[in-house]
There are 2 protein chains.
Amino acid sequence: MHSFTEENYLKAIFHLLLKTQSATTNEIAAATGTKAASVTDMLKKLAEKKLINYARYQGVTLTDSGERIAVGIVRKHRLWEHFLVDKLKFKWDEVHEMAEELEHISSTELINRLDEFMGHPQFDPHGDPIPDCNGRISNQHLQSALHLKKDQTGKIAAVADHSPAFLQYLEKTQLTIGQTITVTGLTDYDMALVLNNSQNEFNISREVAKNLLILV
Amino acid sequence: MHSFTEENYLKAIFHLLLKTQSATTNEIAAATGTKAASVTDMLKKLAEKKLINYARYQGVTLTDSGERIAVGIVRKHRLWEHFLVDKLKFKWDEVHEMAEELEHISSTELINRLDEFMGHPQFDPHGDPIPDCNGRISNQHLQSALHLKKDQTGKIAAVADHSPAFLQYLEKTQLTIGQTITVTGLTDYDMALVLNNSQNEFNISREVAKNLLILV
DNA sequence: TATTTTTTTTAGACTTGTCTAAATTAATTC
DNA sequence: GAATTAATTTAGACAAGTCTAAAAAAAATA
C-alpha cells in the first residue's frame, strides 16, 4: 500500500485544509516535523501518485483518492483512541501517541471489527467525529466558547487543543465533554469568561475558551 | 527505541534458537525474507548495539537485552492474536499478518492494559504460551502427535505450523485446541495415524501429526 | 515599480536497509 | 590432505526519506 510516511503527509494535509483552507509547504513541514525541502520532495512523489494536486509554489489540495486515504487514517486514529479510553481505560490525555502508531495498522477489516466491537461510536474521546467505513464524517456545527454570548448555555462537545497539558487542565476543572455550561459574564480585568456549570461558578481564560468547542 | 526491522531480526533469531538451537546467517535470511548479505550487515549492527553475540562465520545468539526485546515482541504478537480472536472474532488462521504489524506498537503500558483487559490469557489462539510482563514463558512439555504410542490419549494443545492452509484443515476436521484424541493405530499403507476423538475415527497423515502438539 | 523579505525549490549529501556480484572462509568429499 | 562445494562476508550500488545550503520565485514593502 502506502508508506507510513506518505500516510502521515496525507493526514497532515487533510487536517491543514480542514483548519485553514490551505496547505503550504511550510505549514506541512511544521505539521509533520520536517523541513520545507523534505516536504517539496514528498509533494512531488504524492503528486506523481495522484494523491495530491500540486503545482510548485502553489500549495496543495488532496485528490479524491488522497482524501480517501487521509480519512481512512483519521478513522483509524479516532477509533483506536476510543478503544484505548473506553476499553483499556486510558485517560484522554494519554492516547494520542499510541494512536499515532496504531493508525498505520493496515487492515481495514480489523478497523471495521473494532468499530463494531465498540458499537460504532460517533465521536472520539476529544469529541472529534469518527468517519464511518465509507469515509463519511458527521458535521456538528460547534462554536468556540469564546463566541458564546452572555447567559448563553451550551454543552462542551469537543476540544480544539489536544495537548496533554490542556486536557489535564480541563479534567481537573471538570470541563469535560458532555458538561453543560453557561456564560454569566466577563471579568473586567482580562476579559476572562465567567462560567457556571450548574454547581459552581469559575473563570476561564480567553485562550482556554477558544479551545473549548460548544454545541449550543 | 529499536527499528521495526531490528525487532524483526531479533524475533527471527529468537524463534530459530528455540527451534533449532542455532541461528545462522542463511537461516535468518530465510526467516526474515531477505538475502544473506543483508543479514550480515544487520548482524554487525545488532552486535554493535550488544543485542546479539556475533563472531563472523559463527552464527549468533541473543544477549540478555536482545532476548528481552525479542520476548517482548513475542508477548505483543501473541496478546494481539488473542485479542483479535477472542474479542474481534477473527478465525485463528486470519490473525497472523495483523499481529505482525501490531507487535511493533511500542507502548508496553498499552500491551499490559490489553493483557489485563483480556484477563491475562496464558496461551494464544495457536496454543503458544504468552510471556508475562516480566518475560517469563510457561513451558508445557508437549510432544508431537507423531510420537504418541498406540492407544495413548492426549489433548491437542498447540500447533507447530501456523499456515492458514494447515489451520483451516484442522478447523474443518475439528482438530482444534482442547480436543482430546486417542491414537488407535497406523494404516498399513502409509503409516498414517488412526485417531479417535471420542465421536468418530479418522486418519491424519504423518505430516499433519508432526505439526499437532499434544499434552499427554 | 524597484527592492527587500519570505517562501519554495533545487542541488548535493547522509542514513537505513536492501540488493547483486565477487571474494573469502568453512565444511565436505574424494 | 587436497579439491570441491556451501556458507558467509565484503564491496559497491540503489531507494526512501531526510538534511543543509544555495538558488529561484512569489509576496510584501517602500
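Chain letters run A, B, ... following the sequence lines, proteins first, then strands; residues in each count from 1.
By the 4.0 Å N-to-carboxylate-O rule, A:K210 lies close enough to A:E207 to be salt-bridged with it.
Using a 4.0 Å cut-off, some side-chain N or O of B:K35 falls inside it from OP1 or OP2 of C:dT20. Between C:dC19 and B:S38, a contact under 4.0 Å exists linking OP1 or OP2 to a side-chain N or O. OP1 or OP2 of C:dT10 lies within a sub-4.0 Å distance of a side-chain N or O belonging to A:K44. Between A:T40 and C:dT8, a side-chain N or O to OP1/OP2 separation shorter than 4.0 Å is absent. Applying the 4.0 Å criterion to OP1 and OP2 of D:dT8, one finds that B:T24 has a side-chain N or O inside that range. Taking only side-chain nitrogens and oxygens, A:R56 comes nearer than 4.0 Å to OP1 or OP2 of C:dT10. Note on B:T25: a side-chain N or O is less than 4.0 Å away from OP1 or OP2 of D:dT9. Contact annotation: A:N26 side-chain N/O to C:dT8 OP1/OP2 distance is under 4.0 Å.
Computed from coordinates, the B:Y9 OH to C:dT16 P distance equals 14 Å when rounded to whole Å. In this structure, A:H2 atom NE2 and D:dA16 atom P are separated by 13 Å, rounded to whole Å. Between the CG atom of A:D41 and the P atom of C:dT9 there is a distance of 10 Å, given to the nearest Å. We find that CD of B:E6 is positioned 9 Å from P of C:dT16, with the value rounded to whole Å. Put simply, CD1 on B:I28 is 13 Å from C1' on D:dA7, counting in whole angstrom units.
Remark: aromatic rings of B:F4 and A:F4 are distant, center separation not under 6.0 Å.
In terms of position on DNA chain D, the residue among B:Y54 and A:M42 whose nearest nucleotide sits closer to the 5' end is B:Y54.
The two residues A:K87 and B:F117 have their closest heavy-atom pair at O-CD1, 3.5 Å. Of all the heavy atoms in B:Y169 and B:N203, the pair that sits closest is OH-O, 4.3 Å.
Contact annotation: the side chain of A:H96 never approaches that of A:S163 to less than 4.5 Å [non-hydrogen atoms, C-beta and beyond].
Looking at heavy-atom distances under 4.0 Å, A:F4 makes no contact with the nucleic acid at all. Residue A:T34 is classed as a sugar-phosphate contact, given heavy-atom separations below 4.0 Å to backbone atoms only.
The base of C:dT24 sits with one of its N or O atoms less than 3.5 Å from a complementary donor or acceptor on the side chain of B:Y57.
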